[in-house]
Amino acid sequence: MTAMIAPLAWVCPVFGLGPLGHPPGVSHYLVVGAILFVCGVVCMATKRNALGVLMGIELVLNGANVNFVAFASPWLQADGARSIGLDGQAIAVFVIVLAAAEAAVALAITLNFYNNHATVDVDRADDLKG
Amino acid sequence: MASILDDDPRIIEFDVRTDEMLVNMGPQHPSTHGVLRLVLRTDGEIVSEVEPHIGYLHRCAEKIGENLTARQWIPYTDRMDYLAAMNMNLGWSLAVEKLMKYEVSEKARHLRVLIAELGRIASHLVGMGAYGLDLGTFSPFLYAFREREKILDLFEEACGARLTYSYITVGGLTADLPPGWLQRCEAFLDQFEPVIKEYHALLTTNAIFVKRTANIGVMSREMAIDYGCSGPVLRGSGVDQDLRRDGEAIYTAMYDGYAFEVAVMKNGRYPRDHEYPPVPPDAVIGDCWHRFFVRMIEVVQSMDLVRQAIDRYSACKGTIGEPLKLTEKIPAGDAYLETECPKGQMGFYLVGDGTAIPWRARARSSSFSNLSVTADLCRGCLIADVPAIVGSLDIVMGEIDR
Amino acid sequence: MIGGSVAVASTCCLGAVVPPLAMLDWHAVFFMLFAAAACGCALAVVLADNVVRMAFYLVLSLGATAGLFFLAGAEFVGAMQLMIYVGGTLVLLVFGVMLTAQAPFVSIKTSAAEKAFAGLLGGALLTLLLVAALSVEPWRRPGSVGPTEPSATPLGMALVGVRVDEPPAHSPAVGRSGYLLPFEIISVHLLVVLVAAAYLARAKRRKTPRPVEMVASVEPPVSVAEHAAIGREAAVGAPARSGSVLVGGGS
Amino acid sequence: MVEYLIDRVGLPGWLAWTAAASLAAVLILNVIAGGALVFIWAERKIAARIQDRLGPTRTGGKFGWLQSLADGIKLLAKEDLMPDGADGMLFRLAPYVSFCASFCAFIALPFAFDFVGLRLNVAVFFVVAVLGLEVFGVILAGYASASKWSLFGSMREAAQVVSYEVPLGMCVVVPVMLAGSMDMVTIAEKQAGWFWNWYLFHDPFTFVIFWVYVTCAVASVNRAPFDLAEAESELVAGFHTEYSGLRWSFFFMAEYGSMFLVSAMAAVLFLGGWNGPVPLATLAGLSEGTGDTAGYLVRLLGMVNLLGKATLGVLVMMWIRWTLPRLRIDQVMTTCLKYCTPIAAVMFAGAMLWQLFLPGGLVPGMRRPAGEIREGWLEGPGGRGAASAATGSGDLVLAPAAQVRP
């Protein structure tokens, strides 16, 4: 249950300086990552514009990246805990590069779709429906 | 329109579907030389269709000409090609004189040549400088205006005005030159001659300038003739025509005894009367570069003509004579005369009915015909080429719309 | 970053009067700043309808995330995020937006029911993730290790196959540790994408006329003449071929 | 400086930090804002002189030196117009996006030894990356203006800047490779001594690539002959056609900021940074590394050096602008893809081979031998890393100068 109350103390400035008084830890980054991830998922689910869906994917990847970097950072860990070190940063780099490639391919698909259907509304991409 | 475009090999299609855009270039646009309006149909940067729209500067000059005496209309001709008003004055005066079969004195004739050629230099300086502006370089424009100012100073001394002179008039000129004018004019020519090298360095032979103008807006000889182009635009396409040599007798008589070569590429070479920079290998006859180059050559030739005119004028004894009265009656009949103005062949037509006021006064504008090629030249070019092509035609809206 | 420096400047003045500000942890302040920007803009991406605005919010969100990376000591990743993600990928995305930015598609509305359902789902997912993120004690409490000067060198060495951040005992032979293979794979992958992008953007000669009905479905074609007539009192016809025109069409 | 404030002045630590940080922030801000004012005035005077004019002569007494300020006041007082069809929010924000991007890059730019807002380990990469963000403001401005000319301008800028980032990146990598570090302070340090230590004269390849860099830099900051995004003879004013007043001046300041930035970067990467052509300080027996007054003065001299070089670069850009016509968009892309990129790639390979086989240069003894130890991680526990570990966390964002080096 403490896990549920902890965010309250974390965001609420009523408790003295609140979060501003001490340096952030991995959890803080994980929260940001989670919010970005969820925003991305919701974005993918609700947007009907193909490019909106693409932006959702970027957000999801970015949320994951925040987590990788947070786990990789030696500063954010509690004493004694071992960070994943370089692995996290390297994976983040790979994710960024792959996201660039993914965006290019997805854009190509979108533009082709637009050429063939004269729309970018993904709900109308139902040619293969049985 | 669609059928033309389909066959045009210059029109290419991209896999990405893009939509055409209609863009208004002008009438308030920095590079359309006044209030010209071009409607561009573009596909990205590629222009598929250009349509010029004119009429924004229409002032009913021709109708007014039917309510004024022939000499009273002179100031209205000033406002046609306001960059070369002297040549406009000359055109109308000669047309009226042709109808009246009037001949001006020898001294006035040489003074007219002197003034008209100075006016040609002044006009080409604007054309040259503004063309640099169209291509995105500002400094040559101001250099050109620096020199033009000196010509305007000379004109101001001669007639009191700097833009709309009404100096050349029916029956001669309104006044003779003030004392010392010829020396100042020669001083200007001596100063101006070496400066032309700078223009060649900044524009004519500049690598970027050549890249922007060579092989752009190529107009074939036939096309230039078909459209009725004239002046440097026609000669830039390799047509050997200059009314100062090929015109009607009353006009060519003015240039009797003057030595000049027509600035046109004949047998692959331009006249060799002066040092000119070589033609770049990229340039094709009839492209923007050649149109520009013809103007540059004409500036040098006009300087020669001015020098010759100064000699002849000072050799003449007597006075330039008096111009005709403002209310001089015009005989019945009609006359049409084209003269070689800086922008091209400017024609004036008048019908007299025995009174002092012409029954009809009309003008045939060279810029109008020159402008009409834009639609053909600009098809399939890039947006940046549109100012390059329109600028190389060197049009003046005052003359087109009148 | 600009926000950062301005914030420093303004809190400097405040700090003189309000003693508790002395206790501020700047790291935390900037973290909060960037975290708020990242999350707020991500939320705005979800809520915005206009696709260009979505792209703009996404830029801000990713830029703020790059700031977070800098704060975490991953400077190289942060700079890379700015360069590739924000500077490259998103420009590409904006290009896509503009290429397809027909008025009807700029904002495609989603039905309220879908939104509510997605929000519910997202809320559940968020709760799950937050519980997971905050339930591990060592994650919540940063250690006493101060920031060391970050360096991109170990990462660079790792990408070419040498691990310098680990004791030699853990790393196998040079070239077989690190990320040499993924690095090469991703290089080839990028090359393929580059070729594909060039293929996509290639120009070809027009062979078949464009299907008219598709163009029509997007935007009714407006002729030049029609367009020209708008806003003009007297439309002057374009000059036709005028071999020897005496009287101009403009008069 | 923080130590100075704590030890001599007796300020509490947090206040010392804040004061030092805000001082750095104010300095950087003023370099950009003041620099933009001076450069705008200089551009007007230079353009005027090139064109046989006088330029501003009256405002502020002699030479019209207050002209930019007067212009600024005029811009402040101007009516703020926005087209009807514009996307209000994006239209308002776009200039600030441009300006912020230009501003941000200055954080990592060293003005002299230790005079750097934030000594980043990846400074070169960071500056290039942030500079590329400026294009976003332009794209947004073009889109949000609801004007076709603006859209044309912004699309041109996007295509151009994104393309030129490729050769620019390659040019920038060469000094990075020679110095073995992306830290701009380190890169400049490695060029200390006489001017032949500058990377411009390191080998023929770097000499060539410097000129490629100049071309790409001019293109990436949209100056003539590559100023297609605002080509006034074609696109009216390009992406800022619809802007007026203060918002427009933000674009202007961003442009001048970027110009100064790429020039300063050229100075740091190729022209020895703050090291003058003649090592005056070293000859006089002074060292910039010491914390005393003499060392401080040497650094100030270095700053003058760097600012001078960067200003020279900006002036050259102005000279180019008022001389050359503008290229066409396809020619701009051709220059990038067919000339700059291959040349940069070949020169990069050449510089690499040179560094491999002739690290000492052609004349033995002239150049300091290239250091074997490139980075702190090999220096051992007594190295740089240990010393800076003791500092607080605040130096992450704006580390005052003295803090970074032991």
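All heavy atoms count here, side chains included; hydrogens, waters and symmetry mates do not. Here is the naming used below: chain letters follow the sequence lines, and residue numbers restart at 1 for every chain. Just so we're clear, the structure is a prediction, and the values are computed from it rather than from any experiment.
Atom CG of D282(B) sits about 9.0 Å away from atom OG1 of T213(B), to the nearest 0.5 Å.
For F207(D) and F270(D), the gap between ring centers reaches or exceeds 6.0 Å.
Both the backbone and the side chain of I50(D) come within contact range of chain B, judged by heavy atoms closer than 4.5 Å. Looking at R146(B), only its side chain comes within 4.5 Å of chain D, counting heavy atoms on both sides. For a residue to count as touching a neighbouring chain, one of its non-hydrogen atoms must lie under 4.5 Å from one of that chain's; by this rule L382(B) touches chain D with the side chain only. Interface remark: Y143(B) contributes side-chain atoms only to the contact with chain D (heavy atom separation under 4.5 Å).
Closest non-hydrogen pair, Y243(D) versus L90(D), comes out as OH-O, 4.5 Å.
With contacts defined as side-chain heavy-atom distances shorter than 4.5 Å, the pair T215(D)/V218(D) does not qualify.
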